[in-house]
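Remember, predicted model here, so these are calculated numbers, not experimental data.
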Amino acid sequence: MIRVFILYYHVETLKKIQETVVHYFHDVRHTFELTACYTYQNAVAYLKKSSGQDDIYLLDFSEFEKANRLVTWLRGRNLNASWVNLGGSKEKFLQTLILRPSGYIEHPENRDEVFETIRKLDRYHQAIQKKYYFSFKYEGEQMRIPYDEISYFESSAKKVTLYRANSDQKYYFTAKLDDIGQRLPSFFLRCHQSYLVNMHMIRCLDTKAHVFMLHTNEEIWISRRMYAQAKERYQNFMDESEN
């Protein structure tokens with residue numbers, strides 16, 4: 001899912017930008033969330049509430065100092081986000097290059113300019129999410145969690161539980177571990193019919209009990225059938241980590 005935020009002070013133009021964004025995502029059938037504001041105060045309140053974790057920001061630069069403060073704040077919290085200068089002058093746009101803009105829309109009322117910009121950024125973030133995030137549905141919402149924040153997956157009776165690292169959070173959803181395993185980076189290890197574990201979270205291998213001990217002191221069982229392969233993969237992982 002792609003999260004888009006728009007700040008534009010002219011209400012009628014803001015509506016046109018929203019319509020274009022919605023039209024694009026419906027066209028390509030990608031899930032998305034869209035938030036729009038027409039005042040600076042509401043934008044600040046939203047960004048603080050969301051911690052700046054949207055993917056694409058379309059920002060009105062007609063009031064340069066205010067927009068520049070927003071982007072500076074945003075860059076300090078989300079280096080992966082894309083932000084686009086809406087309607088500011090080209091001279092002012094050049095002053096923002098140090099903050100790594102992802103685009104410049106000179107005429108925000110122009111649907112083609114907005115559509116093409118969203119298309120490019122959507123493709124970029126779709127690729128980023130496949131590389132860095134695990135996406136799934138939880139209680140009717142589309143979730144995404146960075147791979148390095150996942151401790152392990154546990155499967156029971158066609159239900160999967162995702163355990164988040166350094167947290168008590170658990171997420172339940174319907175899936176098969178075989179299918180999940182095909183989507184994960186190589187540092188995830190299938191060691192049991194019921195477990196997929198992030199090897200970064202393993203403290204040690206107990207060779208007598210045939211379990212992985214996590215840094216949280218949780219135990220992940222290793223099946224007899226998978227033990228030799230799991231032990232070898234974990235040892236290779238440790239060797240590569242030391243080099």
Exercise. So is Lys66 actually on top of Tyr40's ring, under 6.0 Å and inside 45° of the axis?
Worked result: yes
Problem set entry | Residues Tyr24 and Asp122: side-chain donor-acceptor under 3.5 angstrom | yes
Would you give the length of the straight line joining atom [atom1] of [X] to atom [atom2] of [Y], rounded to the nearest 0.5 angstrom?
X: Arg203; Y: Glu218; atom1: CZ; atom2: CD; answer: 11.5 Å
X: Gln235; Y: Glu240; atom1: CD; atom2: CD; answer: 10.5 Å
X: Ser102; Y: Asn85; atom1: OG; atom2: CG; answer: 11.0 Å
X: Lys170; Y: Ser151; atom1: NZ; atom2: OG; answer: 11.5 Å
X: Lys120; Y: Ser82; atom1: NZ; atom2: OG; answer: 12.5 Å

Strictly under 6.0 Å, is that where the ring centroids of [X] and [Y] end up?
X: Trp221; Y: Tyr227; result: no
X: His200; Y: Phe237; result: yes
X: Phe173; Y: Tyr138; result: no
X: Phe153; Y: Tyr195; result: no

State plainly whether the residues [X] and [Y] are in salt-bridge range, i.e. N to O under 4.0 Å.
X: Asp27; Y: Arg119; answer: no
X: Lys16; Y: Glu19; answer: no
X: Glu149; Y: Arg164; answer: yes

For this session: Take Asp55 and Arg144 through the salt bridge (charged side-chain N to carboxylate O under 4.0 Å, His left out) test and state the conclusion after the steps.
Result: CA-CA 12 Å; Asp55 301 296; Arg144 61 179 188 187; 2.8 Å; yes
Exercise. Which of these passes ring-ring contact (aromatic ring centres under 6.0 Å, His included) with Phe61: Tyr9, Tyr8, Trp83?
Worked result: Trp83
For this session: May I ask you to decide if the ring planes of Tyr163 and Tyr152 are parallel, tilted or perpendicular, using 30° and 60° as cut-offs?
Result: parallel
For this session: Classify the angle between the aromatic ring planes of Phe136 and Tyr171 as parallel (below 30°), tilted (30 to 60°) or perpendicular (above 60°).
Result: perpendicular
Exercise. So which heavy atom on Ile222 is nearest to which on His192, and how close?
Worked result: C-CD2, 4.2 Å
Seminar exercise, completed: What one should report as the nearest heavy-atom pair of Leu99 and Thr72 is CD1-OG1, 3.7 Å
